[in-house]
Structure formats: structure tokens, C-alpha cells
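Quick caveat: nothing in here was measured; it's all calculated off a predicted structure. In what follows, every chain begins at residue 1, and chains take the letters A, B, ... in the order their sequences are listed.
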Amino acid sequence: MDDIEAIKQLKARYFRTMDSKDWAAMRQVLCDDVVMDSTDSGGSVIAGGDDCIRFLQQAIGEVVTVHHGHMPEIELTSATTANGIWAMEDMLRWPDGRELHGYGHYIETYDKSDACWRIKTLKLTRLRIDMTEPRG
Amino acid sequence: MDDIEAIKQLKARYFRTMDSKDWAAMRQVLCDDVVMDSTDSGGSVIAGGDDCIRFLQQAIGEVVTVHHGHMPEIELTSATTANGIWAMEDMLRWPDGRELHGYGHYIETYDKSDACWRIKTLKLTRLRIDMTEPRG
Amino acid sequence: MDDIEAIKQLKARYFRTMDSKDWAAMRQVLCDDVVMDSTDSGGSVIAGGDDCIRFLQQAIGEVVTVHHGHMPEIELTSATTANGIWAMEDMLRWPDGRELHGYGHYIETYDKSDACWRIKTLKLTRLRIDMTEPRG
């Protein structure tokens with residue numbers, strides 16, 4: 001499998017393990033020193049793979065989530081580094097019935113070590129966010 | 001075209017021929033002994049390419065359907081076999097106005113014969129299903 | 001990067017530059033003599049890269065748009081020509097609150113010159129279009 005395809009499958013595991021709440025498997029797609037920046041989406045900057053997983057577990061552990069990535073633009077910048085842009089859509093449904101439906105892009109970098117690509121940095125930008133309150 | 005790309009295009013034809021109700025072309029993407037399992041989505045297990053097409057024709061022949069696949073994880077397991085996982089979203093609108101909007105994953109296997117990949121088994125798992133009734 | 005991957009990234013730039021209203025960058029993904037046909041979607045036929053960009057700027061410059069492409073079927077027909085089909089979904093929100101949510105396929109051709117793929121022709125077909133009026 002070539003590096004571009006390997007990075008696409010890395011991001012596929014990122015989405016699938018998040019939505020299926022498989023936190024141990026999700027930890028494997030992140031570098032130890034990953035930085036995730038969701039400030040453009042009302043979130044914060046979180047550093048470190050373990051801290052990112054702990055944050056996500058708390059934030060969406062009880063939330064039904066659907067995250068999809070589209071239209072990757074992966075650029076290999078060396079044998080062990082790469083940049084990527086993904087269009088994205090996410091849907092969150094909280095236990096109390098509130099919902100978020102959002103659209104935007106991930107701007108990312110990747111690192112390869114031990115023959116394995118991982119996410120090094122991730123920044124989420126937004127085109128649109130719709131919040132809805134529970135009915136009734 | 002490499003095998004991973006060929007399997008992606010196979011699945012693209014699966015979706016496109018289903019949504020455009022091109023049943024003869026859709027039959028071509030399925031192995032003769034395909035097994036489609038939608039029990040996790042309230043459906044059943046159907047075996048055989050001809051039976052699958054007959055079932056789909058009855059079930060959604062008059063339904064406006066949109067099926068999209070995302071984030072493939074294709075793994076070649078031999079020169080003629082492969083596994084795949086796809087994130088998915090589907091929207092069905094029945095003639096009476098009822099609608100289904102669902103999200104989940106396909107867990108699949110593929111077989112290559114006569115230089116052509118086909119779907120061998122398909123299991124649909126669900127993250128979320130929303131049903132809506134006609135207004136008014 | 002192989003030609004199929006290059007065409008996927010071309011289409012990714014098409015969507016991203018449209019939704020981020022980066023018209024100068026979007027012009028670069030179109031051939032000078034591009035023809036865009038959206039008659040099946042209630043639109044018209046527009047010819048020429050500059051005219052297409054002018055049209056889009058007027059039509060959606062003030063509209064929040066989200067366009068996603070899925071499940072590409074890219075076929076190389078020579079060293080410098082290719083065909084493609086993409087499933088698509090688009091969401092438009094006008095300043096007055098009206099919304100369009102649509103689904104369909106792009107049928108496209110591509111041309112390579114100066115080592116760069118560009119969109120030569122694009123035809124949009126539709127599976128479903130939902131229009132909603134502002135609430136209240």
C-alpha cells in the first residue's frame with residue numbers, strides 16, 4: 001500500500017474508532033505529542049495523545065456521533081512527513097436530545113515511525129454549524 | 001489500476017447502480033453466491049446475487065434512495081481476496097412520504113475472478129437511524 | 001502521485017475552493033474552455049473558465065455552501081484525458097434563510113496539460129433536491 005493510501009486508512013480508523021468509542025484503538029492513530037486544535041469550532045487546544053483520548057472520552061463518550069471525511073488532499077513532504085486537508089461532516093446527539101450538525105475542514109500533518117503513519121497535528125475549521133434543541 | 005482502487009470503484013458502482021435503479025448493472029458487482037446481512041439494521045440475510053437483486057427491486061424499486069460510502073479501509077488478503085470496511089450514510093424516501101436517514105458501516109469481503117472484483121459478503125452495522133413520518 | 005489520485009485531488013480543490021470562496025484558486029481547476037451543465041438541476045450551460053467563475057461568484061458568493069463528493073469512478077482514456085463520475089451532496093443556505101439540500105452525480109471529463117489535470121466538462125444530474133423556506 002502506498003503512503004497516500006496508508007494515510008487515508010489512518011484517517012478512516014480515526015473516524016471509525018471515535019464513532020464506535022474504541023478508545024484504545026483510537027489512541028494508536030495519534031502521535032504521542034499530537035496537538036488537536038478545535039478553537040475555530042468553539043473548542044480548545046489539547047496536546048498529547050493520552051490527554052486527547054481522555055478529553056474525547058469525557059466529551060463524547062455518551063454522545064451518539066457520526067463523523068465522515070471527504071475529498072482528501074494528501075501531500076507527502078518527506079519519506080516520514082505529510083500534510084493533509086479533509087472536508088468533513090459531523091453529527092452529535094447528546095443524551096438530552098440536543099444535536100449538533102456541522103461541516104468544515106481538517107488541516108492536518110502526519111508523521112511516520114515504525115513503518116506506521118500517525119496524526120501529528122489536527123486543526124478543525126468550520127463552514128457551518130447547526131444546533132438543534134430537543135422537541136417538545 | 002491497482003486492486004485497492006478497483007475495489008473502491010466496484011463499491012462506487014454498487015451505490016450508483018442501486019440509487020439509479022440500474023439492476024442489471026448492479027447484478028454485475030455481486031458474486032453469484034454473495035451474502036448480504038442487514039440484520040443489525042432490522043433487515044434479514046439474503047444469499048445469492050439474483051435473490052439479492054430481486055429483494056432490492058421489491059424493497060426500494062419505488063423508493064428515492066441516496067447511498068454514500070466514505071473512508072474505505074481495504075485490505076488485500078491474497079491475489080484474489082480482500083476485506084473492506086466503509087462508513088456509510090443512506091436516505092430513503094418512500095412514495096407515502098416516510099423517510100429513513102441512517103448512518104453506519106459496511107463490513108465486506110471481495111473476490112476476484114475473470115480479472116474482476118465483486119462483492120462476496122456484506123454486513124451492515126448501524127451507528128444511528130432516524131425515521132420521520134410525512135408532515136400534516 | 002498517479003493520475004487517478006491527481007484527479008481526485010483536483011476535484012477536492014474544486015469543492016474546497018468553491019465552499020471557501022477562493023475564486024482565484026478555483027479558476028485554476030478549470031480548463032479555459034470548460035463547459036459546466038447544470039440544466040438537470042434547474043441551471044444552465046456555461047462555457048469558459050472565466051465565465052464559470054463569474055457566474056458562481058454571483059450565484060453563491062453570498063451563500064453558505066457545503067459541497068461534498070463521494071465514490072469517484074475515474075477512467076483514464078489516454079495519457080492526457082480522463083472520464084469521471086462522482087456521487088455528490090450539496091447544501092446551500094441563502095442570506096434570507098432559504099435552503100437547498102441536494103444529492104446527485106457529476107459526470108465529468110478531464111484534460112492534462114503542463115503536467116496539471118483540469119476539469120474539461122461537468123454535468124450535474126440529480127437524485128433528489130429538498131428546498132426549505134425560512135421558519136417563522
Side-chain angles (χ1 to χ4, degrees), chain A residues 1-12 15-16 40-41 66-79 81-92 99-110 117 122-136, chain C residues 1-22 25-26 28-29 60-72 74 84-95 97-103 105-106 108 116-117 119 130 132 134-136:
Chain A
M1 194 188 306
D2 70 23
D3 283 312
I4 288 180
E5 178 64 22
I7 290 170
K8 291 179 186 174
Q9 295 207 13
L10 165 75
K11 190 67 180 173
F15 285 124
R16 181 171 52 80
D40 189 59
S41 186
V66 177
H67 289 81
H68 290 157
H70 310 301
M71 306 304 299
E73 298 173 69
I74 310 293
E75 179 196 19
L76 304 173
T77 49
S78 80
T81 57
N83 301 328
I85 305 175
W86 292 84
M88 63 82 68
E89 173 174 2
D90 58 350
M91 304 185 67
L92 287 75
E99 302 212 24
L100 177 152
H101 198 159
Y103 310 86
H105 292 91
Y106 291 107
I107 318 293
E108 304 186 325
T109 61
Y110 312 97
W117 286 99
L122 175 162
K123 184 175 171 49
L124 176 57
T125 67
R126 290 294 195 176
L127 288 169
R128 171 173 168 173
I129 298 178
D130 299 339
M131 298 288 310
T132 50
E133 297 294 320
R135 292 184 200 166
Chain C
M1 192 187 309
D2 69 23
D3 284 311
I4 289 181
E5 178 64 24
I7 290 170
K8 291 179 186 175
Q9 296 207 12
L10 165 74
K11 190 67 180 173
R13 289 194 304 276
Y14 167 90
F15 286 124
R16 180 171 53 79
T17 56
M18 186 184 340
D19 289 340
S20 61
K21 322 297 184 200
D22 185 349
M26 191 181 175
Q28 300 305 310
V29 308
I60 61 168
E62 305 301 319
V63 182
V64 176
T65 62
V66 177
H67 288 81
H68 290 157
H70 310 300
M71 306 305 300
I74 310 293
I85 305 176
W86 293 83
M88 63 83 68
E89 173 174 0
D90 58 350
M91 302 184 67
L92 287 76
R93 177 178 283 166
W94 281 267
R98 277 178 310 129
E99 302 213 25
L100 177 152
H101 198 159
Y103 310 85
H105 292 92
Y106 292 106
E108 304 187 326
C116 187
W117 286 98
I119 298 172
D130 299 338
T132 51
R135 292 182 200 168

### Query
With only heavy atoms counted, which part of A/L76 is less than 4.5 Å from chain C, the side chain, the backbone, both or neither?
neither

### Segment of A/I4 engaging chain C (4.5 angstrom heavy-atom cut-off)
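Just the side chain, heavy atoms under 4.5 Å.
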
### Query
Do you know which of C/K8, C/M91, C/K11 has the most heavy-atom pairs with chain A at a distance under 4.5 angstrom?
C/M91

### Task
Check C/A12 against A/E73 and note the closest heavy-atom contact, atom names and distance.
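Scanning both residues completely, I find the closest heavy atoms to be CB-CG, 3.5 Å.
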
### Query
How close do C/V64 and A/L127 get, heavy atom to heavy atom, and via which atoms?
CG1-O, 3.7 Å

### Message
Before you tell me yes or no, could you show the steps for C/H68 and A/M71 under side chain to side chain contact (heavy atoms under 4.5 Å, CB included), namely the whole-Å CA-CA distance, both residues' side-chain angles and the distance that decides it to 0.1 Å?
### Response
CA-CA 7 Å; C/H68 290 157; A/M71 306 304 299; 5.6 Å; no

#### Entry: Top of A/E75, A/E5, A/H105 for chain C proximity - count of heavy-atom pairs under 4.5 angstrom
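Among A/E75, A/E5, A/H105, the one with the most close pairs to chain C is A/H105.
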
#### Entry: Distance in Å, A/I74 CD1 paired with C/M1 CE, rounded so as to fall on 0.5 Å steps
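One finds 9.0 Å between CD1 of A/I74 and CE of C/M1.
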
